[in-house]
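Below is one structure, written out as structure tokens; the observations come after it.
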Amino acid sequence: MSDRIVIRANGYAGDCSGEAMAALPALSDMLGELFEAETIAFGDPQDARDMPWQKALEASEGLLSELAKTTTRALQRDAVPIIATPRCAAAIASIPAVLASRDHVHVVWFDAHGDLHTPATTQSGYLGGMPITALLGEWRSGYGAGLQPERLLHLGGRDLEDAERAFIERHGIFTASFADFDHDLGRIEQELTGKKVFVHLDCDVFDPRDVIADYRVPGGLRSDQAAAVFSVIARVSDLVGLEITEFSPGNPEEMQRSLAALRQALSGLAAQDRDPPLPHWDGNQLDRGANC
């Protein structure tokens, strides 16, 4: 495996509350220690604003543009980006950068919710409910697309709306709810063996007793179950990137518990074989001859 770089992208990305922005430094510090990686940070917490998706997309431009550029630079350096950012909507900038830089990548999207609405189907108008369809080219975000339905795995969904379920069925998207954990784990192993994988981890996929997210849905993965899933991914596939969003503990006790559970869950990914560390990178330096 190549070297890892933690990218902490803090700021507005369609946020409805501020806990995830406030918690991001602690999350990125844990990831840097766990993955033995330096951290590149940009942006600062801002006031949370609940806006229709068009206005939220425009207001997120600064964060999303910088995230796309920084992710591309990391990949050009043959590093594995470990991205920490407040909201799922950030994926509309990070994942197209990965798909443009690495061929035949499978995106493994862990989420209690579908995130599969389009401008035509959304009732809430929430940008964070629409990122996957942007990646699939169902609507234009301005940051690119490139994901094919057959290379998407949606895992842990348990709070999906009818329009999202219909979208999954229409496009034949791989899903696993983990209602039958061992069976689903075997299906995931079979699907991902030998593949390049980018993992998007929305923390609401976890049981709220272990990891706190803003949108808490009972019945999610326990940390030991998540550790088993990530260990399988680490064993059978080539991790090209990881993105963690919606980490939102609201007090010190929740922070300590959530960080410990998340660390346990991700330990298998962090243990993949590594190349020797690359020289220090300031976030702006590209490999010689590379263009951004």
Side-chain angles (χ1 to χ4, degrees), residues 5 7-16 20-21 24 40-43 46 49 51-77 79-109 111 113-122 125-149 151-152 154 167 171 173 196-202 240-246 283-284 286 290-292:
I5 293 175
I7 299 172
R8 185 173 77 217
N10 209 349
Y12 184 78
D15 299 76
C16 291
M21 287 188 277
L24 206 63
I40 303 299
F42 58 87
Q46 302 175 18
R49 289 161 283 169
M51 296 186 288
W53 73 266
Q54 302 96 324
K55 293 184 180 293
L57 183 61
E58 181 179 349
S60 302
E61 193 276 334
L63 180 76
L64 298 180
S65 294
E66 188 62 30
L67 177 56
K69 292 175 184 177
T70 305
T71 302
T72 298
R73 290 177 180 134
L75 293 162
Q76 288 175 336
R77 194 170 179 257
V80 175
I82 310 296
I83 300 166
T85 193
R87 284 288 183 254
C88 277
I92 67 176
S94 57
I95 293 180
V98 173
L99 298 174
S101 301
R102 298 288 184 268
D103 294 331
H104 308 303
V105 172
H106 282 60
V107 172
V108 183
W109 190 281
D111 205 316
H113 304 94
D115 290 358
L116 285 160
H117 278 294
T118 68
T121 66
T122 180
Y126 179 46
L127 182 63
M130 302 164 53
I132 297 179
T133 52
L135 302 174
L136 292 168
E138 295 289 318
W139 63 280
R140 293 186 179 182
S141 68
Y143 298 92
L147 180 61
Q148 302 299 317
R151 293 195 179 121
L152 170 64
H154 193 291
F167 187 95
H171 292 277
I173 294 169
K196 298 176 186 176
V197 167
F198 181 91
V199 171
H200 172 95
L201 175 60
D202 183 322
V240 301
L242 167 67
E243 176 174 67
I244 302 175
T245 70
E246 310 282 346
N284 296 309
L286 300 181
N291 295 311
C292 182

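The two residues R49 and Y12 come nearest to each other via the heavy atoms O-OH, 3.0 Å. Taking both residues in full, the closest heavy atoms of L127 and P131 are given as O-CD, 3.6 Å, listed atom of the first, atom of the second, then distance. For the residue pair G146 and L99, the shortest heavy atom distance occurs at C-CD1, 3.6 Å. In terms of heavy atoms, L135 sits closest to A91 at CD2-O, 3.5 Å. Of all heavy-atom pairs between P81 and V240, the closest is CD-O, 3.3 Å. Across every non-hydrogen atom of A134 and A145, the tightest pair is O-CB, 3.5 Å.
Considering OG1 of T71 and CD1 of I7, their distance stands at 4.0 Å, rounded to 0.5 Å. Expressed to the nearest 0.5 Å, how far CG of L116 lies from OG1 of T122 amounts to 12.0 Å. I83 CD1 to I5 CD1: the interatomic distance, rounded to the nearest 0.5 Å, is 11.0 Å. Between L57 atom CG and M51 atom CE the span is 10.0 Å, to the nearest 0.5 Å. If you take OG1 on T85 and CZ on R8, they are separated by 11.0 Å, rounding to the nearest 0.5 Å. The distance from atom CZ of R87 to atom CG of D202, rounded to the nearest 0.5 Å, is 9.0 Å.
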**Study point:** W109/L147 under side chain to side chain contact (heavy atoms under 4.5 Å, CB included): CA gap, chis, key distance, verdict
**Key:** CA-CA 12 Å; W109 190 281; L147 180 61; over 6 Å; no
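The side-chain hydrogen bond (donor to acceptor under 3.5 Å, both in side chains) search around S94 returns E243, not counting sequence neighbours.
Side chain of N10 to backbone of M21: a donor-acceptor contact under 3.5 angstrom is found. Side chain of T121 to backbone of H117: no donor-acceptor contact under 3.5 angstrom is found. Counting only distance, with no hydrogens or angles, the side chain of H154 and the backbone of H113 share a donor-acceptor pair below 3.5 Å.
Considering only heavy atoms from C-beta on, E61 comes within 4.5 Å of Y143 through its side chain. With contacts defined as side-chain heavy-atom distances shorter than 4.5 Å, the pair L75/V98 qualifies.
For residues 131-142, every residue pair satisfying the side-chain hydrogen bond (donor to acceptor under 3.5 Å, both in side chains) rule, not counting sequence neighbours, is listed here: T133-W139.
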